[in-house]
Amino acid sequence: QLVESGGGLVQAGGSLGLSCAASGPGRTYAMGWFRQAPGKEREFVAAIRWDSGSTYYADSVKGRFTASRDNAKKTMALRMASLKPEDTAVYYCAAKPYAGFGYSDSMLPRENWYRYWGQGTQVTVSS
């Protein structure tokens, strides 16, 4: 089970942090953040590999968002800075317990690669 927290309302240019906690036994190979704005499809935001801590970002958030993980607590954080109104969306975390056959890092932005999903948390950026 994945539970997101930390969403809210912030002014443009501000910062906000999200957290995703994984509960239950089992391992984690990677976790990702996705978002869905009203009337739009869900899109990839960031991902992190649990083994190496390597991070991957969508071009739209590079340099502004930072993903991190805490292996012991099984949590993933997303620090969002220089927020823009177009960042307004419901943010979802996702997890995959294993890499799977034929894995490559190119799979990390694909939402259908992930097995578990959180319920989502709203982020609203006012102009």
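Every heavy atom of this structure was used, including side-chain atoms; hydrogens, water molecules and symmetry mates were not. Along the sequence shown, the residues carry numbers beginning at 1.
- The nearest pair of heavy atoms linking Ser82 to Ser15 is N-OG, 4.4 Å.
- In this structure a side-chain-to-backbone donor-acceptor pair under 3.5 Å is present from Tyr114 to Leu108.
- For the pair Ser19 (side chain) and Ala77 (backbone), a donor-acceptor distance under 3.5 Å is absent.
- Using a 4.5 Å cut-off on side-chain heavy atoms (C-beta onward), Tyr29 and Pro97 make no contact.
- Interatomic distance, CG of Asp70 versus OG1 of Thr75, reported as 4.5 Å (0.5 Å rounding).
- Within the 3.5 Å criterion, the main-chain N or O of Gly32 finds no donor-acceptor partner in the side chain of Tyr56.
- Put simply, NZ on Lys84 and CZ on Arg64 are 4.5 Å apart, with the number rounded to the nearest 0.5 Å.
- By the rule that hydrophobic residues join a cluster once side-chain heavy atoms approach within less than 4.5 Å of another member, Tyr92 and Ile48 end up as members of separate clusters.
- If you take CZ on Arg115 and CG on Leu2, they are separated by 12.0 Å, rounding to the nearest 0.5 Å.
- Hydrophobic cluster membership differs between Phe44 and Met80, with clusters built from Ile, Leu, Val, Met, Phe, Trp and Tyr side chains linked at under 4.5 angstrom.
- Side-chain contact between Met31 and Arg69: absent, with no pair of heavy atoms (C-beta onward) separated by less than 4.5 Å.
- Note on ring orientation: taking the six-membered ring where Trp is involved, the planes of Trp113 and Tyr103 are tilted (angle from 30° to 60°).
- Here the CZ atom belonging to Arg42 is positioned 13.5 Å from the CZ atom belonging to Arg35, to the nearest 0.5 angstrom.
- Of the inter-residue distances, the one linking Phe34 atom CZ with Glu41 atom CD reads 12.5 Å to the nearest 0.5 angstrom.
- Atoms OG1 and CG, from Thr121 and Leu78 in turn, are 11.0 Å apart once rounded to the nearest 0.5 Å.
- In this structure, Tyr91 and Phe65 have tilted ring planes: the angle between them lies in the 30° to 60° band.
- Not a single donor-acceptor pair under 3.5 Å links the side chain of Gln119 to the backbone N or O of Glu4.
- Using a 4.5 Å cut-off on side-chain heavy atoms (C-beta onward), Arg27 and Trp50 make no contact.
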key: Test side-chain contact (heavy atoms from CB on, under 4.5 Å) applied to Arg49 and Asp105, step by step   = CA-CA 9 Å; Arg49 278 180 51 173; Asp105 287 348; 3.1 Å; yes
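- Val90 and Met76 end up in different hydrophobic clusters when Ile, Leu, Val, Met, Phe, Trp and Tyr side chains are linked at under 4.5 Å.
- Residues Val10 and Val61 share a hydrophobic cluster, clusters being chains of Ile/Leu/Val/Met/Phe/Trp/Tyr side chains in contact below 4.5 Å.
- Both Tyr57 and Val125 sit in one connected hydrophobic cluster of ILVMFWY residues. Membership requires side-chain heavy atoms under 4.5 Å apart, directly or through other members.
- The neighbour count for Gln1 CD, taken as heavy atoms of other residues, nucleotides or ligands under 6.0 Å away, does not exceed 12.
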